A.B. asks: 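First the structure, then my questions, so here it is.
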Amino acid sequence: MDWINDLKEWLADAINLKIMLSILIIVGLWIIRLVAQKIVFTQVRDLKEGYFWKNAIRYTSVAIAITFIGVIWIEEVGSVSTFLGLVSAALTIALKDPIVNLAGWLFIIIRRPFEVGDRIQIGEHAGDVIDIRIFQFTINEIGKWVDADQST
């Protein structure tokens, strides 16, 4: 029965180590993100460019955090890749609309049909683009209730 207690202790230590490494990665990347944003905002004077860099730094730090924390918590890469292949096929079918939204966001970011600050019209809705995110963009609507081009 001693070996059961030893095993429980070893598992607790391994999990504690993984938790501590995950917290260190999150805090470290958060500090790096703050420093990078501080450097960017001292160098960049254009608000649109600053907005672009802020989002780029955010998305990059999240991707790095997910990658590093995944490496810490996932030990069997071969079996995980097979599992992820099957899950991704099922998710592609189940999550068609969010995937299409993500593809639309990539189109907006890469091709730049409009940017923050541009005035656009989609159907009967017109307005100034004030934010572009992964699954949505926000416009400050104009001319809906008044006969002028002011925000409504």
Side-chain angles (χ1 to χ4, degrees), residues 13-152:
D13 290 339
I15 290 173
N16 287 338
L17 178 65
K18 289 179 180 182
I19 290 171
M20 291 303 294
L21 285 173
S22 299
I23 291 171
L24 283 173
I25 288 171
I26 291 170
V27 170
L29 284 173
W30 181 70
I31 291 170
I32 291 170
R33 181 176 144 193
L34 289 177
V35 169
Q37 286 180 344
K38 186 82 166 169
I39 291 170
V40 165
F41 287 125
T42 58
Q43 300 294 323
V44 175
R45 298 290 177 220
D46 183 30
L47 290 177
K48 284 185 183 179
E49 191 174 345
Y51 172 80
F52 169 77
W53 279 106
K54 177 183 160 191
N55 284 340
I57 291 168
R58 179 188 312 143
Y59 294 136
T60 304
S61 63
V62 167
I64 291 171
I66 289 172
T67 303
F68 283 173
I69 291 172
V71 167
I72 289 172
W73 286 91
I74 298 172
E75 296 170 359
E76 291 292 325
V77 177
S79 62
V80 169
S81 63
T82 303
F83 173 75
L84 289 177
L86 294 172
V87 167
S88 66
L91 286 177
T92 301
I93 294 168
L95 299 173
K96 183 186 79 133
D97 289 336
I99 291 171
V100 169
N101 290 342
L102 186 63
W105 173 74
L106 286 172
F107 174 78
I108 291 170
I109 294 299
I110 294 170
R111 295 291 303 266
R112 299 213 178 270
F114 58 86
E115 296 178 355
V116 173
D118 288 351
R119 182 161 290 176
I120 62 171
Q121 181 170 353
I122 301 172
E124 62 184 47
H125 302 285
D128 300 323
V129 178
I130 59 173
D131 191 20
I132 299 174
R133 296 189 182 193
I134 292 180
F135 293 111
Q136 68 184 15
F137 61 89
T138 307
I139 63 171
N140 193 8
E141 191 175 21
I142 61 164
K144 191 72 168 177
W145 297 316
V146 293
D147 292 329
D149 284 343
Q150 70 184 46
S151 299
T152 55

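Reckoned from all heavy atoms, side chains included, excluding hydrogens, waters and symmetry mates. Everything quoted here is computed from the prediction, not taken from an experiment.
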A.B. asks: List the atom of F107, the atom of P113, and the distance in Å for their closest heavy-atom pair.
C.D. replies: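 Answer, listing the atom of F107 first, then P113: CE2-CG, 3.7 Å.
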A.B. asks: Check whether more than 12 heavy atoms from other residues, nucleotides or ligands sit under 6.0 Å from atom CH2 of W53, and answer yes or no.
C.D. replies: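 Result for CH2/W53: open.
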A.B. asks: Could you please spell out the steps behind the side chain to side chain contact (heavy atoms under 4.5 Å, CB included) verdict for I23 and I25?
C.D. replies: CA-CA 5 Å; I23 291 171; I25 288 171; over 6 Å; no
A.B. asks: Surrounding OH of Y51 (heavy atoms of other residues, nucleotides or ligands, distance under 6.0 Å), is the total greater than 12?
C.D. replies: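 Yes, because the 6.0 Å sphere around OH of Y51 holds more than 12 heavy atoms from other groups.
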A.B. asks: Distance check, rounded to the nearest 0.5 Å: S61 atom OG versus L34 atom CG?
C.D. replies: 9.5 Å
A.B. asks: Among all residues two or more places apart in sequence or in another chain, which pass the side-chain hydrogen bond (donor to acceptor under 3.5 Å, both in side chains) test with Y59?
C.D. replies: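 Result, side-chain hydrogen bond (donor to acceptor under 3.5 Å, both in side chains) vs Y59: none returned.
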A.B. asks: Let me confirm one number: the CZ-CD1 distance from F52 to I109, rounded to the nearest 0.5 Å.
C.D. replies: 7.5 Å
A.B. asks: Hey, what do you get for CG (L21) to CD1 (I26), rounding to the nearest 0.5 Å?
C.D. replies: 11.0 Å
A.B. asks: With a 3.5 Å distance limit and no angle check, can you tell me whether D118 reaches the backbone of E115 through a side-chain donor-acceptor pair?
C.D. replies: yes
A.B. asks: So does L47 have more than 12 non-hydrogen atoms from other groups sitting under 6.0 Å from CG?
C.D. replies: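 Counting other residues, nucleotides and ligands, CG of L47 stays at 12 neighbours or fewer.
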A.B. asks: Is T60 reaching over with its side chain to a backbone N or O of I57, donor-acceptor style, under 3.5 angstrom?
C.D. replies: no
A.B. asks: Could you grab the distance from atom CD1 of I139 to atom CD1 of I130, nearest 0.5 Å is fine?
C.D. replies: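 I139 CD1 to I130 CD1: 9.0 Å, rounded to 0.5 Å.
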A.B. asks: Roughly how far apart are F114 CZ and I108 CD1, rounded to 0.5 Å?
C.D. replies: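 Answer for the CZ-CD1 pair, F114 versus I108, is 4.0 Å.
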A.B. asks: Are there over 12 heavy-atom neighbours, none belonging to R133, within less than 6.0 Å of that residue's CZ?
C.D. replies: no
A.B. asks: Where do V40 and K54 land on the side chain to side chain contact (heavy atoms under 4.5 Å, CB included) test, with the steps shown first?
C.D. replies: CA-CA 8 Å; V40 165; K54 177 183 160 191; over 6 Å; no
A.B. asks: So which heavy atom on I64 is nearest to which on L29, and how close?
C.D. replies: CG2-CD1, 3.8 Å
A.B. asks: A side-chain contact here means heavy atoms from C-beta on lying under 4.5 Å apart; do I142 and N140 qualify?
C.D. replies: no
A.B. asks: Which pairs, with at least one residue in residues 18-35 and sequence neighbours excluded, count as a side chain to side chain donor-acceptor pair (under 3.5 Å)?
C.D. replies: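 Non-adjacent pairs meeting side chain to side chain donor-acceptor pair (under 3.5 Å): K18-E75, S22-W73.
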A.B. asks: For a quick test of reading the model, state the closest non-hydrogen atom pair linking T92 to I99 and the distance between them.
C.D. replies: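 Looking at all heavy atoms of both residues, the closest pair is CA-CD1, 3.6 Å.
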A.B. asks: So, taking the atom named CD1 in I72 and the one named OG1 in T67, what distance separates them when rounded to the nearest 0.5 Å?
C.D. replies: 11.0 Å
A.B. asks: Run the side chain to side chain contact (heavy atoms under 4.5 Å, CB included) check on W105 and I132 step by step: do they pass?
C.D. replies: CA-CA 8 Å; W105 173 74; I132 299 174; 4.0 Å; yes
